[in-house]
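Right, one structure below, let's go through it.
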Amino acid sequence: MVNVMKQSVGEVLKARNQLHPNTVAALAGTRVLDLHRTLDTADTLGATDLTPLASDDPRALPLVRHSTAHVMADAVQRLFPGTRVTIGPAIDSGFYYDFDRRDGRFTDEDLARIEATMREIIAQDLPFQRTERTRAEAREALAAQGETYKLEILDAIPVGEAISFYQHGPWADLCEGPHVPSTRFLQGVKLTSVAGAYWRGDERRPMLQRIYGTAFPTQKALDAHLKQLEEARARDHRKLGKELKLFTFHEWAPASPFFLPRGARVYNGLVSYLRTRYARYGYDEVITPQIFDQALWERSGHWEHYRANMFVAVGTDAVGAKGVVPVNQLFTAEGAEDRAALEAHGAHLHFDQVSGCKAMNCPSHCLLFATEKRSYRDLPLRLADFGRLHRYERSGVLHGLSRVRTFSQDDAHIFCTPEQMDAELSSFFDLRDEVYRALGLDKVELRLATRPTEGSLGTDEDWARAEAILAESVRAKGKTFVLSPGEGAFYGPKLEFHVTDAIGRPWQLGTMQVDFNLPNRFGLEYVGSDNAPHRPVMLHRAVLGSLERFLSVYIEHTAGAFPVWLAPEQVVLVTVADRHLPFAQELAQRLRGHDLRPLVDDSNEKLGAKVRQASLLKPPYIAVVGDKEVEAVGVNLRKGRQDLGFFTTDALVEKLTAEARYPT
RNA sequence: GCUGGCGUAGCUCAACGGUAGAGCAACGGUUUUGUAAACCGUAGGUUGUGGGUUCGAUUCCCGUCGCCAGCUCCA
């Protein structure tokens, strides 16, 4: 034991014959220790249960990446003297380092130079060395280098914690560690992009330049990662949306998709399918207005809590002498001056007639609930609404179909008694599972998003109760969830359903939210069996969430090759020669008679070209008709690159009809 | 919104101070074709938009609109 006291982690492992060529660190419980770290306090560091950590262990990846970030910062300061360093953590996809460079911007050419310098440093096989310093020593060293950001970081380190520097070659950085033993372990390195980022993620603080990169212990692992990125690029729904003629955009309607005929067929197919499930699960669909008096949003709380995301609609009498007034801004404290100025210029603003474009369906569903005197016998009342919503999203967050300003959701609100909540949550779980399975989304993770730290409505007791009910509903189904503290909606906690797509990326789709607030704000009541009034509970729920956003996920999940039941064209009929066209047309007509969606290619092209043309649309099937097929009254069927052989027209109708049914 | 980058034919891209080009798509013709691109021809543009610099601007500068990346990961 006495011997252990002055030994390094590496020496301990070596003595036990556990130090391998690819050992980058040691695990002491969950702590990761540098190999060269001295075990001066063996008891607290847990020297007795050290296990080696191999470079290809996933737990070693953050070390590899963070060490690479150091090498990058070293290279940047060599090439661009005077550039100050800030932070450079390992992240899920690699690492980044934020720099304050005063003399210019990093260009793509700079990235190539930095990467080349990094390779030189890595090739020198420089060991990483940890040294601890006193706060005063650290401050002196950083001040001497003019590293003002590091000084700020130093001041944020709690008193009593060790202050350490990590050095490789001549370059050192204030750093907690741990690191790989030497630069030799950094073999798969690539710088990917440069972007702006605020110091400490705060928009009021200086904008720094962030260089992103990724790193793996081997070139092979890096190559695999780059291939994955390429695959993601190939599946990008914005690219496929254009190539497959699914949707488009126009600058006169920013972030508002136009669904082209092929895309609209998929969109409507999804909605039709969801309607059949709604019928089975006891939902009633309603259709509600787009624009409401401001009073509705004041009542619901959206005017106070959600106005920044709302579009405001005004009648033409609110248009001033200087044109359309940006009314939305005029109702903020900062806008008061503009408002006064506009009024002085003769703008006639009818503040009492301002209307809000709906951003959510819940308030209008509350109005519907209150259209009748409700009995407990009416509950649960499940109101579904595919109504179009508009939300003003900040320009920087817009992205293809996944972040838009107009969309519709597979939205529904369930009004029920407190006693009915368990059954409603359970039924929703079943519906959601059914839909996800139908769409081939098998991997689902649950998260419970709790009360936001500010800006939320309702009492602590209501929130605690709602959160507990959601948590219990998960346990009742034998599932588990992860907590997302503070991520709830302003009116209630959310259960979020995250799915993993075909290439392993997670997406949040469905939600289930308990809301005790809206029923209170709208004074909703039902008459119980005791003949007394009671307040209903309101559940907000969506299976796929925004259909636009879901389509972005689904297009990438399927790479644009939709299943028969959703495909815009289920089979493309191509003929060998013109003389086969009448047969193909007749077959197409027969398929349409069975509610199928065929497409006949009557272009003047050779068969090979037509097959290629059809394949680019990624239909489930391509059917070839030539002399042999006409003779035998059928088609030669092809799925992707696979030849399925001859099918009679009867067999084709039967096969397609079976596959066109909604999955169960 | 902020920082940086990018807007050229329907699509993918050239030209980067000196008359704006290609491939695919479109259109016309020839060909009647057997499983991922037949051949010939025609047409298509105030280079996102407004202004400025210049003898001359797609190219340089400024504004504006749109698109793309990032702005959450903490020595």
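None of these values were measured; they are calculated from a predicted model. Values below: all heavy atoms of this structure, side chains included; hydrogens, waters and symmetry mates excluded. Just so it is clear: chains get the letters A, B, ... in the order the sequence lines come, proteins before strands, and each one is counted from 1.
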Given RNA chain B, 5'-ward residue of the pair A:Q613 and A:V624, judged by closest heavy atom: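 On the 5' side of the pair lies A:Q613.
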A:H66 vs A:L208, nearer the 5' end of RNA chain B by closest nucleotide: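 Nearest-nucleotide comparison on RNA chain B picks A:L208.
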Nearest whole angstrom, please: distance from the [atom2] of [N] to the [atom1] of [X].
X	N	atom1	atom2	value
A:R612	B:G34	CZ	C1'	18 Å
A:D627	B:U35	CG	C1'	15 Å
A:D578	B:G34	CG	C1'	14 Å
A:L581	B:U33	CG	P	14 Å
A:I211	B:G5	CD1	P	15 Å
A:Q209	B:U3	CD	P	13 Å
A:K639	B:A36	NZ	P	17 Å
A:K242	B:A25	NZ	P	18 Å

Honestly, is [X] close enough over [Y], meaning NZ or CZ under 6.0 Å from the six-membered ring centre and within 45° of the axis?
X	Y	value
A:R405	A:Y392	yes
A:R265	A:F562	no
A:R133	A:F165	yes

Heavy-atom closest pair, residues A:L240 and A:K618: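 Where A:L240 meets A:K618 most closely, the heavy atoms are CD2-NZ, 4.1 Å.
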Checking all strands, does [X] fall into the base, sugar-phosphate, or nothing category for heavy-atom contacts under 4.0 angstrom?
X	answer
A:G626	base
A:R579	sugar-phosphate
A:E243	nothing

If I pick the [atom1] atom on [M] and the same atom on [N], what distance separates them, to the nearest angstrom?
N	M	atom1	answer
B:U58	B:C16	C1'	8 Å
B:G34	B:A69	P	45 Å
B:A9	B:U54	P	30 Å
B:U12	B:U72	P	31 Å
B:C62	B:C55	C1'	23 Å
B:C61	B:G1	C1'	25 Å
B:A15	B:A22	C1'	11 Å
B:C11	B:U46	P	13 Å

Pairs of donor and acceptor atoms involving the side chains of residues 166-179 of chain A, under 3.5 Å and at least two apart or interchain, shall be tabulated with distances.
| from | atom 1 | to | atom 2 | distance (Å) |
| --- | --- | --- | --- | --- |
| A:Y166 | OH | A:D34 | OD2 | 2.2 |
| A:Y166 | OH | A:R130 | NH1 | 3.1 |
| A:Q167 | NE2 | A:G169 | O | 3.1 |
| A:H168 | NE2 | A:D74 | OD2 | 2.8 |
| A:W171 | NE1 | A:Q77 | OE1 | 2.8 |
| A:D173 | OD1 | A:K150 | NZ | 2.8 |
| A:D173 | OD2 | A:Y97 | OH | 2.7 |
| A:D173 | OD2 | A:K150 | NZ | 3.4 |
| A:H179 | ND1 | A:S67 | OG | 2.8 |
| A:H179 | NE2 | A:H70 | NE2 | 3.4 |

Excluding sequence neighbours, so at least two apart, what forms ring-ring contact (aromatic ring centres under 6.0 Å, His included) with [X]?
X	value
A:F80	A:F106
A:F407	none
A:Y212	A:Y96

Residues of [range] with any non-hydrogen atom less than 4.0 angstrom from an atom of RNA chain B: list those, numerically ordered, please.
range	result
residues 245-260 of chain A	A:E251, A:P254, A:A255
residues 628-636 of chain A	A:K628, A:E629, A:N636
residues 148-161 of chain A	A:K150, A:I153, A:I157, A:E161

Ring centers of A:H225, A:F216 separated by less than 6.0 Å: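 Between A:F216 and A:H225, which both carry aromatic rings, the centre distance is below 6.0 Å.
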Between A:E496 and A:H498, a side-chain donor and acceptor under 3.5 Å: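 Judged by distance alone, the side chains do pair up.
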Under 4.0 Å protein heavy-atom contacts per nucleotide of nucleotides 68-74 of chain B, with B for base, S for backbone only and - for none: SSBBSBB
Criterion side chain to side chain donor-acceptor pair (under 3.5 Å) against A:T575, the qualifying member of A:E629, A:H580, A:K610, A:Q585: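 Output: one option passes, namely A:K610.
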Evaluation steps, salt bridge (charged side-chain N to carboxylate O under 4.0 Å, His left out), between A:D202 and A:R200: CA-CA 5 Å; A:D202 184 339; A:R200 300 268 187 197; over 6 Å; no
Point-to-point distance, once rounded to the nearest 0.5 Å, from [atom1] of [X] to [atom2] of [Y]:
X	Y	atom1	atom2	value
A:L607	A:E605	CG	CD	11.0 Å
A:H66	A:I87	NE2	CD1	10.0 Å
A:I555	A:L401	CD1	CG	5.5 Å

By side-chain contact (heavy atoms from CB on, under 4.5 Å) - contacts of A:K245 (at least two apart):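 With neighbours one apart ignored, the set is A:L260, A:R262.
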For A:P619, all residues meeting side-chain contact (heavy atoms from CB on, under 4.5 Å), sequence neighbours excluded: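 A:P619 satisfies side-chain contact (heavy atoms from CB on, under 4.5 Å) with A:V572, A:L617, A:I622 only.
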Distance test, side-chain N/O of A:K606 to OP1/OP2 of B:U35, below 4.0 Å: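 Checking B:U35 against A:K606, no side-chain N or O comes under 4.0 Å of OP1 or OP2.
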RNA chain B base-pair string [pairs: Watson-Crick or G-U under 3.5 Å; |: paired with another strand]: (((((((..((((....[..)))).(((((.......))))).....(((((..]....))))))))))))....
Residue pair A:L208 / A:Y149, side-chain heavy-atom distance below 4.5 Å: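 Contact flag for A:L208/A:Y149 side chains = yes.
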Close side-chain approach of A:M118 to A:I114, heavy-atom, < 4.5 Å: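 SC-SC contact between A:M118 and A:I114 confirmed.
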N/O to N/O distances under 3.5 Å, protein versus nucleotides 27-31 of chain B:
| from | atom 1 | to | atom 2 | distance (Å) |
| --- | --- | --- | --- | --- |
| B:U30 | O4 | A:N604 | ND2 | 3.1 |
| B:U31 | N3 | A:N604 | OD1 | 3.1 |
| B:U31 | N3 | A:N604 | ND2 | 3.2 |
| B:U31 | O4 | A:N604 | OD1 | 3.1 |
| B:U31 | O4 | A:N604 | ND2 | 2.0 |

Test salt bridge (charged side-chain N to carboxylate O under 4.0 Å, His left out) applied to A:E231 and A:R233, step by step: CA-CA 5 Å; A:E231 176 65 24; A:R233 262 196 297 280; over 6 Å; no
